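Encoded as structure tokens, the structure appears first; notes follow it.
Each chain gets a letter, A, B and so on, in the order the sequences are listed, and its residues count up from 1. Here the structure is a predicted model, which is why all the values come from computation and not from measurement.
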Protein chains: 2
Amino acid sequence: MSLKLNLDKLDLQIIQAMMEDAEISYADLGKKLFVSGGTIHVRIKKLEEQNIVKGRKLAVDLKALGYDVIAFIGIYLEKSSLYDAVAKELRSIPEIVRLNYTTGNYSMFAEIVTKDIQQLRFVLHDKLQNIKGIERTETFISLEESFSRNVVVDQ
Amino acid sequence: MSLKLNLDKLDLQIIQAMMEDAEISYADLGKKLFVSGGTIHVRIKKLEEQNIVKGRKLAVDLKALGYDVIAFIGIYLEKSSLYDAVAKELRSIPEIVRLNYTTGNYSMFAEIVTKDIQQLRFVLHDKLQNIKGIERTETFISLEESFSRNVVVDQ
DNA sequence: ATTGAAAGAGTCTCAGT
DNA sequence: ACTGAGACTCTTTCAAT
């Protein structure tokens, strides 16, 4: 893991600007930050080498593709030592798009994306509940995503 | 909102391939899918016009930037009719990166990213608890993100 | 480290099919 | 609707500072 912050103000400004607009050209970003496009290029290359910037991701409208259901699942484990084994099983379920090991009520927290409620039911009943080590789950279906955005990186 | 699927197999293949690698060139993607680079270009342009593809996002390592804490917050509202008003308040808190209106135990579900536990405490105590309409919250701090990935778009 | 310019690679447009 | 080629723009490299 890369240790923190030998990043200067310009690095942080570049990251913040590209989090807001990942498609801006180096020349334009250079103008905005009062350096040359070449400098932007060198800085980004360095940030990528250090794995601080990990490339670009396609942003898609899942609803438009028919993926209408987002659900959050709180998972109770029988023993918390089962975490790794259960995580491995959950990873093999493609509908589970994110998994976190958490403090608090639940041992783990999963996010599931499916086309409809039937598919969600199937994942919960026929896949999740059969995994050894999972005691029970609680499901929160998202009726509406109010917003989803990036952190603001302060400089 | 764009209604579903007048998308053909090629559209879905393009989306799936670019979700796996957003930086592949049109020429290379064309080779992979046995069409010309020009065709890829036209298709992606159409997908962007229809707002199915919403551009690219910068992927960054938040930990490397010093943002070490991810927490999920279940929020109980006094009355669920307060949703819009509370959502508006929550949107003005930059540490809250995602908010969903959910079924189940909680009325809403938020995700918070901060630099450390102190900042999380500050957001929870001094910001969240002062919002009118929030009855109480439950916090789940992520100790580890096992994985985070895209849906697999079936074709 | 930053710059500016030249080389290389990619996107975008369009006439032809 | 797809193709291939030309025009254009962007990324990448590099010698100079």
Side-chain angles (χ1 to χ4, degrees), chain A residues 1-66 150 153-155, chain B residues 1-66 150 153-155:
Chain A
M1 296 292 122
S2 53
L3 297 176
K4 281 168 225 172
L5 310 189
N6 28 353
L7 303 179
D8 68 6
K9 190 173 174 186
L10 180 58
D11 292 317
L12 296 171
Q13 286 176 315
I14 290 170
I15 291 169
Q16 179 61 40
M18 294 196 68
M19 281 171 95
E20 287 164 17
D21 175 9
E23 286 165 282
I24 191 172
S25 76
Y26 295 172
D28 287 349
L29 184 49
K31 266 175 222 158
K32 194 172 156 176
L33 300 178
F34 306 105
V35 293
S36 74
T39 297
I40 300 290
H41 178 243
V42 171
R43 294 300 189 107
I44 289 177
K45 222 175 100 186
K46 238 177 243 171
L47 289 167
E48 285 174 343
E49 276 162 14
Q50 297 178 269
N51 243 288
I52 293 166
V53 167
K54 299 158 125 176
R56 291 152 181 90
K57 287 261 165 255
L58 196 71
V60 299
D61 180 347
L62 289 175
K63 278 212 160 56
L65 294 176
N150 283 317
V153 174
D154 49 31
Q155 286 151 27
Chain B
M1 297 290 123
S2 53
L3 297 175
K4 281 170 227 172
L5 310 190
N6 28 353
L7 303 178
D8 67 8
K9 192 175 172 184
L10 180 58
D11 292 317
L12 295 172
Q13 285 176 315
I14 291 171
I15 290 168
Q16 179 61 41
M18 295 195 69
M19 280 171 95
E20 287 164 17
D21 176 9
E23 285 164 282
I24 191 171
S25 76
Y26 295 172
D28 287 349
L29 185 49
K31 266 175 221 158
K32 193 172 158 176
L33 300 179
F34 306 106
V35 293
S36 73
T39 297
I40 301 291
H41 179 244
V42 171
R43 294 299 189 106
I44 290 177
K45 222 175 102 185
K46 239 178 239 169
L47 290 167
E48 285 175 342
E49 276 162 14
Q50 296 177 271
N51 243 286
I52 293 166
V53 167
K54 299 158 124 176
R56 289 155 184 88
K57 286 260 166 256
L58 196 72
V60 299
D61 180 346
L62 288 176
K63 277 212 160 56
L65 294 175
N150 283 316
V153 175
D154 48 32
Q155 287 151 27

Query raised in the report: Looking at side-chain heavy atoms only, is the closest gap between B:Leu10 and B:Thr39 below 4.5 Å?
Result: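 Yes, at least one pair of side-chain atoms sits under 4.5 Å.
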
[X] versus [Y], closest heavy-atom pair with distance:
X	Y	answer
B:Ile15	A:Leu58	O-CD2, 4.1 Å
A:Asn51	A:Lys54	OD1-CG, 3.5 Å
B:Ala17	B:Lys32	CB-NZ, 4.4 Å

Tell me: [atom1] of [X] to [atom2] of [N], nearest whole Å?
X	N	atom1	atom2	answer
B:Leu33	D:dT3	CG	C1'	16 Å
A:Ile24	D:dT9	CD1	P	17 Å
A:Leu47	D:dT11	CG	C1'	16 Å
B:His41	D:dC2	NE2	C1'	14 Å
A:Ile44	D:dT13	CD1	C1'	16 Å
B:Glu23	D:dT11	CD	C1'	12 Å
A:Asn6	C:dA1	CG	C1'	15 Å
B:Met18	C:dT11	CE	C1'	12 Å

Selected nucleotide, minimal atom distance to [X] side chain, candidates [options]:
X	options	value
A:Ser36	C:dT3, D:dC10, D:dT3	C:dT3
B:Tyr26	D:dT3, C:dC12, D:dT11	C:dC12
B:Lys46	C:dT2, D:dT11, D:dA1	D:dA1
A:Leu10	C:dT2, D:dT3, D:dT11	C:dT2

Requested in this report: Give B:Thr39 one of three labels, base, sugar-phosphate or nothing, depending on what nucleic acid heavy atoms sit under 4.0 Å from its own.
Outcome: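 Base contact.
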
Report task. Classify the nucleic acid contact of A:Val42 as base, sugar-phosphate or nothing, counting any heavy atom under 4.0 Å across all strands shown. Result ->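 Contact class for A:Val42: none.
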
Query raised in the report: Atom NZ of A:Lys57 and atom CD of B:Glu20: how far apart are they, to the nearest 0.5 Å?
Result: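 Separation between the atoms: 9.5 Å.
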
Query raised in the report: Can you check whether A:Arg43 has a side-chain N or O nearer than 4.0 Å to OP1 or OP2 of C:dA1?
Result: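 False: A:Arg43 side-chain N/O out of range (4.0 Å or more) of C:dA1 OP1/OP2.
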
Query raised in the report: Are OP1 or OP2 of C:dT11 and a side-chain N or O of B:Lys45 less than 4.0 angstrom apart?
Result: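 For C:dT11, OP1/OP2 do not have a side-chain N/O of B:Lys45 under 4.0 Å.
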
